[in-house]
Peer 1: 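If you scroll down you'll find the structure; I have some questions about it.
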Amino acid sequence: MTHQAPHPSPHCDAVARRLLTASAVRSHDPRTEIDWDAPLAPDLWFWPPERLTLYGTPLWDRMDHRQRVTLSRHEAAHMVRMAQWLELATIRLFARYLMARDGLGARAFYALTEMGDETRHITMFGRLLDRLDCRIHPIPAHIRLPFPLAAACFQDITMFASALIFEEVLDRYQREAMQDERLQPLVRSVCRLHVSEEARHVSFARAELRDAVRRASRGHVAFHRSFTALLASYTVPALVHPDRFGDLGLDPRQARHQARHNPHHRDTLLWAGEKLIAFLTEVDLIKRPQHPLWRRCGLMA
């Protein structure tokens with residue numbers, strides 16, 4: 001399967017031009033705008049405690065404050081590492097999107113700008129991981145290994161839908177984290193910078209996705225409905241269910257069981273997916289047959 005052919009779209013062109021102007025005015029350099037040398041406060045959280053997978057469980061009740069803060073450090077590191085890899089995947093998909101075009105107009109120029117943003121974000125996340133100083137776990141094989149083979153099936157629809165899955169779920173967490181004064185200033189600074197630039201990426205992906213669905217045949221949209229739901233069912237759990245409990249001295253099997261059956265965490269996933277699910281439903285990319293897969297990833301009740 002190949003990308004759809006280049007096509008004129010005045011609305012998408014206008015969105016791209018607006019985002020190019022915004023990028024020229026409000027792009028950030030994490031090397032100079034974040035104080036990487038500031039010491040970490042010993043008692044501040046690395047992620048909002050209410051968003052941790054074990055919050056409210058029997059294991060949580062038995063942990064002291066220091067153990068809970070350490071859990072927040074490891075879960076923040078897990079999400080940052082997953083975000084780093086997913087942004088690398090986004091760059092690869094955008095490169096295919098650009099190579100399928102015959103010419104480079106405003107939309108292609110903005111895609112190139114977004115790729116530049118993502119390279120800075122990947123570097124920023126790498127520096128944050130260095131400061132968090134947690135053991136780096138490999139990306140789960142069920143995501144890492146199939147991606148090169150499945151990438152050819154993404155096309156415009158699932159490419160932009162997948163970008164929204166990663167961006168909108170993370171954005172919901174990070175918008176809350178950047179305002180939480182209980183968190184480490186370094187983590188809040190990274191979240192604030194990432195949110196400010198990802199807002200443009202979400203706008204671009206939404207405009208392009210609307211246009212791609214509008215132009216596609218019914219059969220084409222039906223395929224991408226199922227493919228997008230399948231993608232979410234594999235990637236979202238890996239993003240938000242860290243398997244780092246052994247690093248904390250917890251029984252991994254017991255901790256995983258309590259995390260996966262934690263009503264607080266289920267509510268957090270529904271909260272994180274509210275905007276995404278509403279938008280994908282609006283543009284006809286979620287229908288009843290896909291509901292089980294969206295429930296499997298936790299973003300739909």
Side-chain angles (χ1 to χ4, degrees), residues 1-16 19 86-112 114-115 118 142-143 145-169 200-237 239 273-297 299-300:
M1 303 179 72
T2 58
H3 280 277
Q4 297 169 18
H7 59 281
S9 174
H11 173 69
C12 290
D13 288 343
V15 169
L19 295 174
L86 292 169
E87 295 208 333
L88 279 168
T90 299
I91 289 175
R92 177 170 179 167
L93 293 175
F94 266 55
R96 292 184 68 251
Y97 166 84
L98 289 170
M99 292 177 72
R101 269 58 192 160
D102 291 331
L104 298 182
R107 293 157 72 184
F109 293 150
Y110 181 74
L112 287 166
E114 182 167 330
M115 291 169 71
E118 301 294 24
H142 71 273
I143 295 175
L145 297 180
F147 177 76
L149 300 176
C153 297
F154 277 65
Q155 305 185 51
D156 289 3
I157 293 179
T158 302
M159 186 187 83
F160 287 110
S162 66
L164 286 174
I165 291 169
F166 311 149
E167 291 166 351
E168 298 231 31
V169 170
R200 297 195 294 269
H201 302 178
V202 168
S203 295
F204 183 64
R206 285 190 169 208
E208 291 286 333
L209 184 57
R210 282 186 188 276
D211 185 63
V213 171
R214 177 184 59 81
R215 293 181 296 103
S217 68
R218 291 175 63 183
H220 199 76
V221 174
F223 168 80
H224 285 284
R225 268 192 217 111
S226 297
F227 188 48
T228 299
L230 185 65
L231 175 78
S233 73
Y234 277 92
T235 56
V236 173
L239 176 65
E274 280 176 344
K275 292 183 178 180
L276 172 70
I277 296 298
F279 178 75
L280 294 181
T281 301
E282 176 191 338
V283 298
D284 203 32
L285 273 184
I286 297 179
K287 287 189 176 295
R288 189 174 298 277
Q290 291 79 48
H291 286 188
L293 288 172
W294 286 103
R295 291 192 187 102
R296 174 180 166 181
C297 73
L299 300 185
M300 179 178 283

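Atom set for the values below is all heavy atoms of this structure, side chains included, hydrogens, waters and symmetry mates excluded.
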Peer 1: Are any side-chain N or O atoms of Thr228 and backbone N or O atoms of Arg225, one a donor and one an acceptor, separated by less than 3.5 Å?
Peer 2: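 Checking the backbone N and O of Arg225 against the side chain of Thr228, no donor-acceptor pair under 3.5 Å is found.
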Peer 1: With no hydrogens and no angle check, is any side-chain donor or acceptor of Glu168 less than 3.5 Å from a backbone partner on Ile165?
Peer 2: no
Peer 1: Side-chain contact, heavy-atom cut-off 4.5 Å: Arg210 with His11?
Peer 2: no
Peer 1: Between Leu280 and Trp294, is the side chain to side chain contact (heavy atoms under 4.5 Å, CB included) condition met? List the steps.
Peer 2: CA-CA 11 Å; Leu280 294 181; Trp294 286 103; 3.6 Å; yes
Peer 1: Please give me the minimum heavy-atom distance between Leu104 and Ala108, naming the atom from each residue.
Peer 2: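 Closest pair (atom of Leu104, atom of Ala108, distance): CD2-CB, 3.5 Å.
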Peer 1: Quick check: does any side chain N or O of Ser217 sit under 3.5 Å from a backbone N or O of His220, one acting as donor and the other as acceptor?
Peer 2: yes
Peer 1: Could you go step by step and tell me if Leu209 and Val213 meet the side chain to side chain contact (heavy atoms under 4.5 Å, CB included) rule?
Peer 2: CA-CA 6 Å; Leu209 184 57; Val213 171; 4.1 Å; yes
Peer 1: State the CD1-CZ distance between Ile157 and Phe223, to the nearest 0.5 angstrom.
Peer 2: 10.0 Å
Peer 1: Would you call Glu114 and Arg200 a salt bridge, using N to O less than 4.0 angstrom?
Peer 2: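 No salt bridge links Glu114 with Arg200.
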Peer 1: In Å, rounded to the nearest 0.5 Å, how long is the span from CG of Leu93 to CG of Asp156?
Peer 2: 10.5 Å
Peer 1: May I ask you to check if Arg92 and Phe147 form a cation-pi contact, with NZ or CZ under 6.0 angstrom from the six-membered ring centre and within 45° of the axis?
Peer 2: no
Peer 1: State the CE-CD1 distance between Met115 and Ile91, to the nearest 0.5 angstrom.
Peer 2: 6.0 Å
Peer 1: What closest approach, in Å, do Ala111 and Leu98 show between heavy atoms, and which atom pair accounts for it?
Peer 2: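 In this case the closest contact between Ala111 and Leu98 is CB-CD2, 4.0 Å.
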Peer 1: Would you say the side chain of Tyr234 lies within less than 4.5 Å of the side chain of Pro237, judging by non-hydrogen atoms?
Peer 2: no
Peer 1: Decide yes or no for Glu118 and Phe94: does some side-chain heavy atom of the first lie under 4.5 Å from some side-chain heavy atom of the second?
Peer 2: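 Answer no - side chains too far apart.
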Peer 1: Nearest heavy-atom pair of Leu285 and Ala161: which atoms, and what distance?
Peer 2: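 Minimum heavy-atom contact is CD1-CB, 4.2 Å.
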Peer 1: Begin with the C-alpha distance, continue with both residues' side-chain angles, and end with the deciding distance and a verdict on side chain to side chain contact (heavy atoms under 4.5 Å, CB included) for Gln155 and Tyr97.
Peer 2: CA-CA 8 Å; Gln155 305 185 51; Tyr97 166 84; over 6 Å; no
Peer 1: Hey, could you give me the CZ/OG distance between Arg107 and Ser9, rounded to the nearest 0.5 Å?
Peer 2: 5.0 Å
Peer 1: Is the terminal nitrogen or CZ of Arg206 (NZ for Lys, CZ for Arg) located under 6.0 angstrom from the six-membered ring centre of Phe279 and within 45° of that ring's axis?
Peer 2: yes
Peer 1: Pick out which of Val236, Thr281, Val169 makes a side chain to side chain contact (heavy atoms under 4.5 Å, CB included) with Leu276.
Peer 2: Val169
Peer 1: To the nearest 0.5 Å, tell me how far Cys12 SG sits from Leu19 CG.
Peer 2: 10.5 Å
Peer 1: Is the shortest distance from a Lys or Arg side-chain nitrogen in Arg218 or Asp284 to a carboxylate oxygen in the other one below 4.0 Å?
Peer 2: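 No salt bridge links Arg218 with Asp284.
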Peer 1: Are Arg96 and Met159 close enough, and set up right, to give a side chain to side chain contact (heavy atoms under 4.5 Å, CB included), and what steps lead you there?
Peer 2: CA-CA 10 Å; Arg96 292 184 68 251; Met159 186 187 83; over 6 Å; no
Peer 1: Taking atom OG of Ser162 and atom NE2 of His224, what is their separation to the nearest 0.5 Å?
Peer 2: 11.0 Å
